[in-house]
*Asks:* 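Next up is a structure, given as structure tokens.
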Amino acid sequence: MTDLAAVPARDLRALVRELRDTEFPWTAATTYLNNSSIGPIPERTRLALEAFNAKRTAPHLLPDREVFNEIKAAREHAARLIGAAPDEIALMPNTSMGVNVAARALPLSRGDIVLLSDREFPANVYPWLALEDEGITAERVPVTSRGWPDEERILERLRDPAVRVLAISFVQFSNGYKADLAKLSAACRANGTYLCVDGIQGIGQAPLDVRDVPVDVLATGGQKWLLSPWGSGFVYVRKDLIPAMEPAYVGWMSYEGTDDFTKLVDYADALLPDARRFEVGTFTSQDQLGMRASLGLLLEIGIEAVHQYTTALADPLLAWCDEHEVRVVSPREAPHRCAIVCIAPPGAADVHRQLKHAGVICALREGAIRLSPHCYNTVEEIGRVTEVLESALEGGAAA
Ligand SMILES: Cc1ncc(COP(=O)(O)O)c(C=O)c1O
């Protein structure tokens with residue numbers, strides 16, 4: 001395959017055919033616009049998983065060293081994706097575990113307030129609500145009239161010294177609103193508030209570099225935009241914070257010295273100084289190896305290229321919506337726009353069914369049709385969506 005790393009961002013369009021043929025061959029028969037639900041595993045990842053699992057049938061073919069090298073490479077790839085250092089990355093089996101690392105290990109105390117935007121995905125709500133037993137309040141800031149996080153109101157609330165954490169999704173699951181993390185991060189820095197980000201709907205489709213936009217904790221699963229297996233994911237924890245963060249659960253490899261398997265009962269006093277202290281026990285190694293392979297592809301393509309390409313894909317759909325007065329639920333302008341486009345035609349549930357009948361796979365979320373194209377989707381596929389919408393409107397979809 002072409003060396004994607006050598007191709008400038010704007011040229012991803014020229015590579016899409018090749019990407020579909022080599023990495024996503026099933027796209028010849030299906031219009032899959034549902035990466036916000038589950039991202040497909042590229043061919044290179046399937047092959048890597050098959051080779052690994054073949055060796056796994058006879059474990060002597062898989063020395064510890066080889067498995068741990070893969071785990072290390074997975075952390076390194078995750079770090080590169082967001083501009084972090086590998087020792088700021090702990091591998092996690094999903095987003096929820098990473099959010100729980102933040103909720104349980106940040107130095108919070110009774111009377112503190114955790115600020116959430118209302119209508120967040122529950123993975124970024126329940127771990128914070130669960131702190132109420134400890135006298136920590138999870139306060140939900142009402143959304144704007146458009147249903148988006150109200151960043152101005154959040155900024156106002158951040159001035160309250162009792163607000164110790166802002167926990168927000170990089171991208172909202174039900175409308176594709178991409179938070180202005182640069183603005184929120186600056187306000188959090190100024191107020192000494194921890195910024196915790198649920199990254200799963202954004203990382204892999206929208207660029208984020210934690211060197212430019214400081215974040216304290218960022219949690220993501222691999223199963224959506226990272227095109228990775230279930231059971232993969234990671235949490236980023238800003239280096240300076242790690243020593244102050246005591247994990248609620250500790251694993252046998254969270255401590256100094258356990259990398260020497262010949263001396264495991266020489267118990268250590270000290271947790272590892274890096275983010276590995278948050279990893280609990282034996283890894284979901286095949287899943288994290290799969291994530292390493294998929295991140296390899298995304299890093300070759302470049303997330304900026306994915307972002308530019310996928311946002312441009314939606315232009316004809318947005319133009320069609322304007323022409324037909326169909327409500328677009330997602331933001332259209334930078335910095336809030338991203339690959340996810342949610343639309344609410346009359347009778348959205350029925351239109352969603354019609355899309356499914358026509359072989360277009362997408363989701364219905366909170367009353368809107370959610371279309372979430374990735375690097376392998378095409379403008380023709382978006383055209384298929386508008387064709388179905390057109391005939392649904394003509395036929396008068398049932399509300
Ligand atoms: C914003 C957001 N967070 C988290 C999740 C999933 O959490 P987990 O990876 O723990 O299953 C989803 C979707 O499934 C989501 O949209």
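All ligand and atom numbering here is 1-based and tracks the order in the structure.
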*Asks:* May I ask whether Gln223 places a heavy atom under 4.0 Å from ligand 1?
*Replies:*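 Gln223 counts as a contact of ligand 1 under the 4.0 Å cut-off.
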*Asks:* Using a strict 4.0 Å cut-off to heavy atoms of Asn94, name the atoms of ligand 1 that fall inside it.
*Replies:*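 Atoms satisfying the 4.0 Å criterion: 8 (P), 9 (O), 10 (O).
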*Asks:* When you look for heavy atoms under 4.0 Å from ligand 1, do you find them on the side chain of Lys224, its backbone, both, or neither?
*Replies:*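 Contact part for Lys224 vs ligand 1: side chain (C-beta onward).
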*Asks:* Please determine if Lys72 and Glu76 form a salt bridge, counting it only when a charged side-chain N lies under 4.0 Å from a carboxylate O.
*Replies:*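 Between Glu76 and Lys72 there is a salt bridge, with a charged N closer than 4.0 Å to a carboxylate O.
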*Asks:* Between Thr310 and Gln205, does any side-chain donor sit less than 3.5 Å from a side-chain acceptor?
*Replies:*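 Absent: no donor and acceptor within the cut-off.
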*Asks:* Could you tell me which non-hydrogen atom of Phe173 sits nearest to which non-hydrogen atom of Glu120, and how far apart they are?
*Replies:*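 Scanning both residues completely, I find the closest heavy atoms to be CE2-C, 4.1 Å.
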*Asks:* I'd like to check whether Ser169 has a polar contact with ligand 1, where a contact means an N/O of the residue lying under 3.5 Å from an N/O of the ligand.
*Replies:*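 Min N/O separation from ligand 1 is not below 3.5 Å for Ser169.
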*Asks:* Looking only at side chains, do Ser254 and Arg277 share a donor and an acceptor under 3.5 Å apart?
*Replies:*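 No, Arg277 and Ser254 have no side-chain donor paired with an acceptor closer than 3.5 Å.
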*Asks:* Between Glu139 and Arg157, does any side-chain N to carboxylate O distance fall below 4.0 Å?
*Replies:*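 A salt bridge is present here (some side-chain N lies under 4.0 Å from a carboxylate O).
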*Asks:* Do Ile369 and Pro345 make a side-chain contact, defined as non-hydrogen atoms from C-beta onward lying under 4.5 Å apart?
*Replies:*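 SC-SC contact between Ile369 and Pro345 confirmed.
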*Asks:* Is ligand 1 less than 4.0 angstrom away from at least one heavy atom of Ile200?
*Replies:*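 Contact present.
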*Asks:* Taking a cutoff of less than 4.0 Å between a non-hydrogen atom of the residue and any ligand atom, is Glu120 in contact with ligand 1?
*Replies:*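 No.
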*Asks:* Within the 4.0 Å heavy-atom shell around Phe173, which atoms of ligand 1 are there?
*Replies:*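 Counting from 1, the qualifying ligand atoms are 16 (O).
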